[in-house]
Amino acid sequence: MRVLVVGSGAREHAIAATLFRAHATVFAAGPRANVGIDPLAAATLRADPTIPGPVVAFAKVQRIDYAVIGPEAPLAAGLGDALRAADIPVVGPSKAGARIETSKQFCRELLAKYRIDASPKYVALRNADEVDARVAEFHGPFAVKPVGLSAGKGVWVQGNDFESPAEGAAYAKKLLAGGGEGVLLEEKVEGEEFSLMAFVTDSGIYPLPLVHDYKRALDNDVGNNTGGMGSFSQRDHLLPFVAQSMRDRALEVLRRTVEALRQDGIPYRGVLYGGFMMTAAGPVLIEFNARFGDPEALNVLSLYEDGDFDRLLYGVATGRVDPTLMTFRLRATVAKYVVAPGYPEAPKAGAEVTVDLPAVEADGVHIYFGDVESKLPGKYVLGSSRGFALVGESSAIWEATKRVEASLGRVKGYYFARHDIGTRADVTKRTEHVRGLFVPGAKASPLPLSVAAPGAPPSSAADDSQVISS
Ligand code: AMP
Ligand code: GLY
């Protein structure tokens with residue numbers, strides 16, 4: 001099949017590489033060259049995909065069977081709608097469907113309208129005059145979020161990014177003064193995060209292995225929020241701190257959200273990504289994304305068995321998935337990004353980094369390229385976004401981490417990577433954190449008010465099936 005991959009990051013490299021392994025003919029459209037994608041592609045279009053016209057024209061000339069849209073910006077700009085209008089099936093929702101990601105207010109209001117009990121307490125604000133009074137309604141810590149897209153970097157959480165309510169209020173006012181679509185204040189929920197991605201199409205919703213993403217820039221979760229510095233997944237496709245029953249409750253939130261969108265006249269074909277916090281009251285939804293996560297896609301796609309990924313994605317784009325194509329190996333994975341020091345707020349881009357590629361390959365570690373330039377294989381100049389990712393697999397998370405660390409030893413030059421990702425100590429700490437939330441009398445932050453009590457029945461549809469028909 002002839003498949004167009006839209007986007008220029010490591011996530012899109014992983015999508016293209018997985019399609020290439022399935023013997024698809026890959027075409028690429030994105031704003032910049034990608035040293036991983038370009039050698040795989042039969043043809044490339046260097047263009048800003050938030051301007052649909054040239055991408056649609058390229059897809060027509062190349063007689064594309066279907067397109068996969070990686071990043072959120074082209075989805076928000078209506079590239080999915082433009083391709084569908086030209087009769088090209090798409091893995092990726094319409095602009096209207098992408099609002100589940102592009103407007104956090106739309107997302108929260110949709111959940112409230114359909115009584116999907118997964119949100120923390122929140123208020124939406126448009127006016128700086130309201131800020132102080134609404135902040136005073138929060139009796140515990142809270143988060144301040146721009147309503148519109150911010151690549152995960154505009155969110156400030158009390159205790160991490162600011163200390164006093166007054167500082168949070170000042171940040172909310174600053175965001176409101178800067179224009180944009182408004183601000184959300186949300187109760188801070190305590191727990192550990194997990195990402196549940198699923199293919200969504202007319203025939204149902206097909207969950208992918210769970211992933212834990214490390215959002216903060218520096219070891220021990222300090223520093224700024226980033227797009228994600230690395231991630232792990234567990235052999236059984238759950239996580240050490242997310243049991244099957246909790247995964248099923250999260251999947252039920254996805255299923256009901258897809259149904260809510262449909263009832264509001266917004267059919268959805270693509271990847272839906274729920275970012276959840278595993279709390280004492282069950283999974284609480286932090287955000288939805290209308291696409292594969294990055295780095296989460298790197299973990300999950302590395303597990304896809306050789307073969308039929310192109311047919312699987314074609315099914316998503318055209319409405320009917322063959323569930324026997326959901327073949328993800330039962331292995332643990334760890335991904336780590338290599339970035340320019342100072343990422344994300346002040347990346348010192350431009351230094352050369354060398355990678356002993358044959359040795360990395362011999363380690364059995366995948367490399368997926370993002371924002372790097374290269375004139376010679378093995379020599380890369382890091383840009384100001386995430387450079388490249390190393391992904392290892394094994395039976396245990398910390399064994400996969402050791403493989404990635406061994407490969408990081410083969411990367412020389414001026415760069416930064418987090419070394420705590422997926423270590424036994426770090427994974428144990430997260431697991432103990434969640435366990436501690438459940439211990440009676442243990443100190444935990446106030447429970448999110450609107451979340452169903454522990455033990456509240458998940459819908460029976462979610463109990464044991466991997467594939468949920470809607
Ligand atoms: P978002 O862009 O909404 O995913 O927010 C970015 C990051 O901020 C999340 O991945 C969480 O780490 C953190 N965050 C967002 N909302 C909350 C919340 N209500 N409580 C605790 N942490 C949050
Ligand atoms: N890793 C978080 C995201 O893709 O938004």
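Bear in mind the structure is a predicted one, so any value in this text is a computation, not a measurement. Counting convention: from 1, in listed order, for ligands and their atoms alike.
Distances from ligand 2 to the non-hydrogen atoms of Gly293 include at least one value under 4.0 Å. For the ligand labelled ligand 1, residue Arg216 lies outside the 4.0 Å heavy-atom shell. Proximity of Glu190 to ligand 1 is not established, as no heavy-atom distance is less than 4.0 Å.
Residue Phe292 places no N or O, backbone or side chain, under 3.5 Å from any N or O of ligand 2. Between Asp294 and ligand 2, a contact under 3.5 Å exists for at least one N or O pair. At under 3.5 Å, a nitrogen or oxygen of Glu296, whether backbone or side chain, sits near a nitrogen or oxygen of ligand 2. Considering backbone and side-chain atoms alike, Val189 places an N or O below 3.5 Å from some N or O of ligand 1.
Counting atoms of ligand 1 from 1 in the listed order, those under 4.0 Å from a heavy atom of Lys188 are 20 (N), 21 (C).
Classification of the Phe276-Phe194 ring pair by plane angle, with boundaries at 30° and 60°, yields parallel.
Side chain of Tyr343 to backbone of Ala349: no donor-acceptor contact under 3.5 angstrom is found. A donor-acceptor pair under 3.5 Å is formed between the side chain of Arg216 and the backbone N or O of Gly223.
Remark: Arg235 CZ is loosely packed, at most 12 non-hydrogen atoms of other residues, nucleotides or ligands lying under 6.0 Å away.
Nearest to atom 5 (O) of ligand 2 among the protein's heavy atoms is Arg291 NH2, 2.9 Å.
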